[in-house]
Amino acid sequence: MKLKTKTISTAMILSLLLTPAVFTYEACASTTAMQGTSVDPLQATTTTKVAQETDTALLATQQQLAEQETMSLLWMKTAAEYRALAYQAYNIASMEIDKSITNHKSSDKPLAIILDCDETVVSNIDALSQEAAKGNGQYRAPWWRKTVHDTTAYALPGAREFLQATADKGVAIYYVSNRYEPVNLEPTLKALQTVQFPQIDKEHVLLMKDSSDKQLRFNQILETHDVILYVGDNYGDFPLPKSKTIEERNKSIDDTASEWGSKFIMLPNPVYGSWVSALSKEYLTMSTDERNVLVKNILQK
C-alpha cells in the first residue's frame, strides 16, 4: 500500500510563521509515515522540493523585514531624539497625575494608571537589533518566548523614576501587557522586579490569557479604580474603538485628539505593532515581491 503524500503550498506554510509551534518541514510537508507503508518516491521528491523552495522564501522574507526595520532599530537604539521623547512622555504623564490628585476627592475610587510593558516602560531593542543583524526581522513566537524567559530587562529612559514617583503619590500602577500569561507571567514578574519597578505582583501585572483585547482587563481595573492615565506604544494599549484599517485607526485618533497629552500618552515604536498589520494583515507572511509592491503603492499614494 502506498501512502499518498500531501503537498503543502508555500502560502499555507507561510501562514504558520507567527504561531507558537516550532516550524518543521517534516510536520508540514508530508503525512505521518505509518509502519508497513511506503511513500511514492516521485511524490516524496516533490515534497522535498516544495520544502526547499519554502525555506528559501522564508529566509528572503526574514532578510527583507530585517532590512526594512534597520533604520527604525538604529533610531531607537542610538537617537537622542528617542530618549527625549521618552522623558517628555513621562514628564507630561507626571503633570497629569498631579492634576488628578489635586482634584481627587476622598469619596472617589482610588486613582490608578495603566501602562503597557514592552517599548513603553521596558526596552527590547537590543534583542530585536541582534536578531535583525542576523538577517531575521520576523520575530516569531518561539523566539519571543525565549527572549522573555531570559528575564533581562532594560528600563526606558525615565521610566523607573516616573513609576516610583507615581507609586510614592499613592497611585496604583497596572501593567497590562499582551505577553501570554500561561508561559510568561513568572519571567515577566522577575524581569520587572529586576529593573526595580514598583507594585510588581500578580495583582498589578495583567498579561493576556484568552484574548488580546486589552479592554477586558481595562474594565476589570475600572471596577475598583478611577483610571486617570493610559501609557503605551501601540493603538491597542488605549481604550479606543476596534479599528483595523489605516483610515479607521487614523479617524479614531482624530476623534480623541483632546485626550492625547492628557489622558493618553503615546511613546514611539516604528519597529512593530498593529500599525504593521494595518498596512496588510498578511504583511509579515506575504512574499518579498508582494511586499515590495505594497510598500511602493502606499508610498506613492
Side-chain angles (χ1 to χ4, degrees), residues 18 72 76 82 85-86 88-97 99-100 103 108-124 139 144 156 158-159 162-163 166 171-181 184 188 204-284 298 301:
L18 299 180
S72 296
M76 295 180 78
Y82 176 58
L85 287 171
Q88 177 176 273
Y90 299 133
N91 287 340
I92 293 172
S94 293
M95 290 187 287
E96 292 303 315
I97 290 172
K99 290 179 186 177
S100 296
N103 297 325
D108 294 338
K109 292 180 181 179
L111 301 180
I113 65 170
I114 293 177
L115 310 99
D116 176 50
C117 287
D118 300 297
E119 277 52 74
T120 296
V121 289
V122 293
S123 173
N124 302 291
Y139 310 113
W144 176 239
L156 260 70
F162 162 69
L163 292 169
T166 300
V171 176
I173 302 170
Y174 286 91
Y175 305 84
V176 180
S177 166
N178 274 350
R179 293 184 177 192
Y180 186 49
E181 182 180 278
N184 291 323
T188 296
H204 292 89
V205 178
L206 304 179
L207 306 188
M208 178 180 68
K209 294 180 181 178
D210 302 319
S211 173
S212 61
D213 184 355
K214 290 188 175 183
Q215 188 62 53
L216 301 175
R217 281 164 280 167
F218 293 167
N219 292 343
Q220 176 183 334
I221 298 166
L222 286 165
E223 289 179 1
T224 57
H225 288 76
D226 178 10
V227 177
I228 56 176
L229 193 70
Y230 295 82
V231 186
D233 67 304
N234 187 46
Y235 183 100
D237 297 333
F238 301 89
L240 298 169
K242 301 301 169 279
S243 303
K244 294 184 178 181
T245 68
I246 295 172
E247 294 74 19
E248 290 172 344
R249 286 160 51 85
N250 285 336
K251 184 178 185 304
S252 293
I253 299 302
D254 292 342
D255 290 345
T256 55
S258 62
E259 303 282 12
W260 298 100
S262 56
K263 190 168 186 176
F264 301 158
I265 306 293
M266 179 76 80
L267 285 100
N269 182 355
V271 178
Y272 67 89
S274 57
W275 71 270
V276 177
S277 58
L279 302 176
S280 169
K281 63 181 181 180
E282 293 91 12
Y283 191 85
L284 295 175
I298 293 174
K301 277 187 178 180

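For the single chain, residues carry numbers from 1 onward in sequence order. As the structure is a prediction and not an experimental result, all values here were calculated from the model.
- Surrounding OH of Tyr82 are more than 12 heavy atoms belonging to other residues, nucleotides or ligands, all under 6.0 Å away.
- With values rounded to the nearest 0.5 angstrom, Ile221 atom CD1 is found 7.5 Å from Thr224 atom OG1.
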> Can you check side-chain contact (heavy atoms from CB on, under 4.5 Å) on Thr245 and Arg249, steps first, answer last?
Replying inline: CA-CA 6 Å; Thr245 68; Arg249 286 160 51 85; over 6 Å; no

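- The main-chain N or O of Leu216 is never found under 3.5 Å from a side-chain atom of Asn219 such that the two would form a donor-acceptor pair.
- Although no hydrogens or angles enter the test, the distance criterion places a donor-acceptor pair under 3.5 Å between the side chain of Lys109 and the main chain of Leu222.
- Here the two rings, on Phe238 and Trp260, have centers that are under 6.0 Å apart.
- Side-chain contact between Phe162 and Ser94 is present, with at least one heavy-atom pair separated by less than 4.5 Å.
- Counting only heavy atoms from C-beta outward, the side chains of Arg217 and Asn178 approach each other to under 4.5 Å.
- Closest of all the heavy-atom pairs between Ser262 and Leu229 is O-CD1, 3.1 Å.
- Annotation: the span from Ile113 atom CD1 to Glu96 atom CD amounts to 12.0 Å, rounded to 0.5 Å.
- Looking at every heavy atom in both residues, Tyr175 comes nearest to Cys117 through CB-SG, 3.8 Å.
- Although no hydrogens or angles enter the test, the distance criterion places a donor-acceptor pair under 3.5 Å between the side chain of Thr120 and the main chain of Asp233.
- Taking both residues in full, the closest heavy atoms of Ser243 and Glu248 are given as CB-CB, 3.5 Å, listed atom of the first, atom of the second, then distance.
- Annotation: side chain of Tyr90 is in contact with side chain of Leu156 (closest heavy-atom distance under 4.5 Å).
- Residues Asn184 and Met208 have side chains not in contact (no heavy-atom distance under 4.5 Å, counting atoms from C-beta outward).
- When every heavy atom of Asp116 is checked against every heavy atom of Val121, the shortest pair comes out as O-CG2, 3.7 Å.
- Asn234 contributes a side-chain N or O that, together with a main-chain N or O of Ser274, makes up a donor-acceptor pair within less than 3.5 Å.
- The distance between the ring centers of Phe218 and Tyr174 does not fall below 6.0 angstrom.
- Atom CD1 of Ile114 is separated from atom CG of Asp237 by 10.5 Å, given to the nearest 0.5 angstrom.
- Proximity of Glu259 to Tyr230: side-chain heavy atoms (C-beta onward) are nowhere separated by under 4.5 Å.
- Residues Pro241 and Tyr235 approach most closely at O-OH, 2.7 Å, considering heavy atoms.
- Summarising the geometry, atom CD belonging to Gln220 is positioned 5.5 Å from atom CG belonging to Leu206; distances are rounded to the nearest 0.5 Å.
- Residues Leu85 and Leu267 are not in side-chain contact: their nearest non-hydrogen atoms beyond the backbone lie 4.5 Å or more apart.
- Checking side-chain atoms of Lys214 against main-chain N and O of Val176 turns up a donor-acceptor pair under 3.5 Å.
- Within the 4.5 Å cutoff, no side-chain heavy atoms of Tyr272 are placed close to those of Ser72.
- The shortest heavy-atom contact between Arg179 and Asp118 is NH2-OD1, 2.7 Å.
- Using a 4.5 Å heavy-atom threshold, the side chains of Lys242 and Asp213 count as touching.
- Remark: Lys244 pairs with no residue by the salt bridge (charged side-chain N to carboxylate O under 4.0 Å, His left out) rule, at least two apart or across chains.
- For the atom pair CD1 of Ile298 and CG of Leu279, the computed distance is 4.5 Å after rounding to the nearest 0.5 Å.
- For the pair Ser123 (side chain) and Glu119 (backbone), a donor-acceptor distance under 3.5 Å is absent.
- Between the CG atom of Asp108 and the NE2 atom of His225 there is a distance of 12.5 Å, given to the nearest 0.5 Å.
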